[in-house]
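Reviewing the structure listed below.
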Amino acid sequence: MEPEQDAAGLLVELKAGSPAALTAIYEQYSGLVYRIAFQLTKSAADAGDVTQDVFMGLPEAIGSFTEFDKFEQWLRQTTARNSLMRLRQKRRRHEVSISRFQGLFTRSEPVLTRVELESAINQLSEPLRLVFILREVEGFSYDEIAETLGIRQGLAEVRLYRARQKLRKTLSGNVQA
C-alpha cells in the first residue's frame, strides 16, 4: 500500500474510533509534529506538550475532517498554531539546544557553523524568526504562513526578506571577526 493510502485508511479508522489507528498515526507523524513545535517554541518541554496536545485532540478534530489527502498539511498548520498559542501564553521555559537545526547541515560542516546559525536565528525578533522557520526550515508556503500567523501574505514575504537580510548581516559579521 502507498503511504498516502495507508494514512487515509488510518484516518478513516480513527474517525470510526479506532485507538490502534491513533497509535499508528502517532508513530508515523509524531516526529514531524515535535520538530515543528520544537523549532517554534525553542523548548523541548513545550514541544513535547504541543505534540501531546495535537494528538490528544486529534480524535475529536478528525470528526469533521474530509480531505484525507491534505492531512499532513493540516497537521503541520495545527502544530504551528498550537506552538504559537503556547508562545503567546508565555509558558515558554527558555531552554537552549545547539542541535536544533541539525537537519540544515551535513555532518562534514564544522559545529561552529551550526552554533553561529542558531545564534543568528535566535537574535531575530520573534515575528521574523517565526516566518523564517516556517518558510525556510518547515517549507510552508506564504499562504500557509499568512493563515497560520494571521497576517497578510505580503507581510509574510516582507518579514522573510528582513529576516534573511538580518541573518546575512549577522553571519557576515561573524565571518569577519
Side-chain angles (χ1 to χ4, degrees), residues 25-57 71-177:
I25 290 169
Y26 177 84
E27 288 172 359
Q28 187 171 349
Y29 291 100
S30 62
L32 170 72
V33 169
Y34 181 86
R35 187 186 79 232
I36 292 169
F38 184 76
Q39 290 174 347
L40 293 173
T41 64
K42 297 194 285 185
S43 165
D46 285 340
D49 289 346
V50 167
T51 302
Q52 180 178 349
D53 291 347
V54 167
F55 286 100
M56 291 297 290
F71 175 70
E72 187 170 324
Q73 175 185 352
W74 175 84
L75 188 62
R76 290 162 44 101
Q77 288 182 318
T78 299
T79 302
R81 284 191 188 112
N82 278 312
S83 299
L84 294 172
M85 284 190 321
R86 186 162 292 275
L87 285 173
R88 287 184 190 118
Q89 294 169 350
K90 301 294 183 194
R91 287 192 253 158
R92 201 163 54 182
R93 292 177 184 86
H94 301 293
E95 296 175 10
V96 178
S97 171
I98 293 177
S99 62
R100 182 178 9 209
F101 293 100
Q102 270 180 327
L104 293 178
F105 298 98
T106 62
R107 293 255 183 222
S108 64
E109 292 178 293
V111 173
L112 184 58
T113 303
R114 281 184 238 155
V115 173
E116 287 174 347
L117 178 60
E118 181 176 341
S119 174
I121 291 170
N122 286 337
Q123 289 175 31
L124 294 172
S125 66
E126 187 169 287
L128 298 183
R129 185 180 60 80
L130 292 175
V131 170
F132 180 82
I133 289 172
L134 290 173
R135 178 71 180 175
E136 299 298 338
V137 178
E138 292 304 323
F140 277 44
S141 70
Y142 287 114
D143 287 336
E144 291 171 324
I145 294 169
E147 183 181 335
T148 301
L149 297 178
I151 60 176
R152 293 182 331 274
Q153 179 180 338
L155 183 54
E157 293 172 4
V158 168
R159 286 182 180 175
L160 180 63
Y161 174 80
R162 290 180 180 162
R164 287 175 177 161
Q165 292 297 101
K166 288 182 183 256
L167 287 172
R168 280 188 195 106
K169 183 177 180 183
T170 301
L171 293 171
S172 68
N174 289 345
V175 170
Q176 295 171 1

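- Atom OH of Y34 has more than 12 neighbouring heavy atoms from other residues, nucleotides or ligands inside a 6.0 Å radius.
- Closest approach of I145 and A156 over heavy atoms only: CG2-CB, 3.8 Å.
- In this structure, the separation between CZ on R76 and CD on E138 is 5.5 Å, given to the nearest 0.5 Å.
- Separating the CG atom in D53 from the CE atom in M56 is a distance of 8.5 Å, to the nearest 0.5 Å.
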Query - Verdict with supporting geometry, L167 and F132, side-chain contact (heavy atoms from CB on, under 4.5 Å) - result: CA-CA 10 Å; L167 287 172; F132 180 82; 3.4 Å; yes

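- Listed here is the closest heavy atom pair of A37 and T79: N-CG2, 3.9 Å.
- Smallest separation of non-hydrogen atoms from E136 and L160: OE2-CD2, 3.7 Å.
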Query raised in the report: Can you list the steps and then say if E118 with I121 is a side-chain contact (heavy atoms from CB on, under 4.5 Å)?
Result: CA-CA 5 Å; E118 181 176 341; I121 291 170; 5.8 Å; no

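- Partner of L117 under the side-chain contact (heavy atoms from CB on, under 4.5 Å) criterion, chosen from L171, T170, N122: L171.
- Taken to the nearest 0.5 Å, the CD atom of Q77 stands 12.0 Å off from the CG atom of N82.
- Rounding to the nearest 0.5 Å gives a distance of 8.5 Å between CG of L134 and CD1 of I36.
- With contacts defined as side-chain heavy-atom distances shorter than 4.5 Å, the pair F38/T51 does not qualify.
- Side-chain N/O atoms of Q165 and R168 include a donor and acceptor closer than 3.5 Å.
- Nearest heavy-atom pair across A47 and T41 is N-OG1, 3.9 Å.
- For the pair Y29/V54, no side-chain contact is recorded, criterion being any heavy-atom separation below 4.5 Å from C-beta on.
- The structure places NZ of K166 at 6.0 Å from CG of L128, a figure rounded to the nearest 0.5 Å.
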Requested in this report: Go through the steps for L40 and V50 under the test side-chain contact (heavy atoms from CB on, under 4.5 Å), then give the verdict.
Outcome: CA-CA 11 Å; L40 293 173; V50 167; over 6 Å; no

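- Within the structure, salt bridge (charged side-chain N to carboxylate O under 4.0 Å, His left out) contacts touching residues 153-163 (residues at least two apart or in different chains) do not occur.
- Residues forming a side chain to side chain donor-acceptor pair (under 3.5 Å) with Q52 (at least two apart in sequence, or on another chain): none.
- Taking the side chain to side chain donor-acceptor pair (under 3.5 Å) definition, one finds that S30 meets it with nothing, sequence neighbours left out.
- Of all heavy-atom pairs between R135 and S141, the closest is NH1-CA, 3.5 Å.
- When all heavy atoms are compared, the tightest approach of D143 to Q153 is OD1-OE1, 2.6 Å.
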Requested in this report: Walk me through it: do L130 and E126 pass the test side-chain contact (heavy atoms from CB on, under 4.5 Å)?
Outcome: CA-CA 6 Å; L130 292 175; E126 187 169 287; 3.8 Å; yes

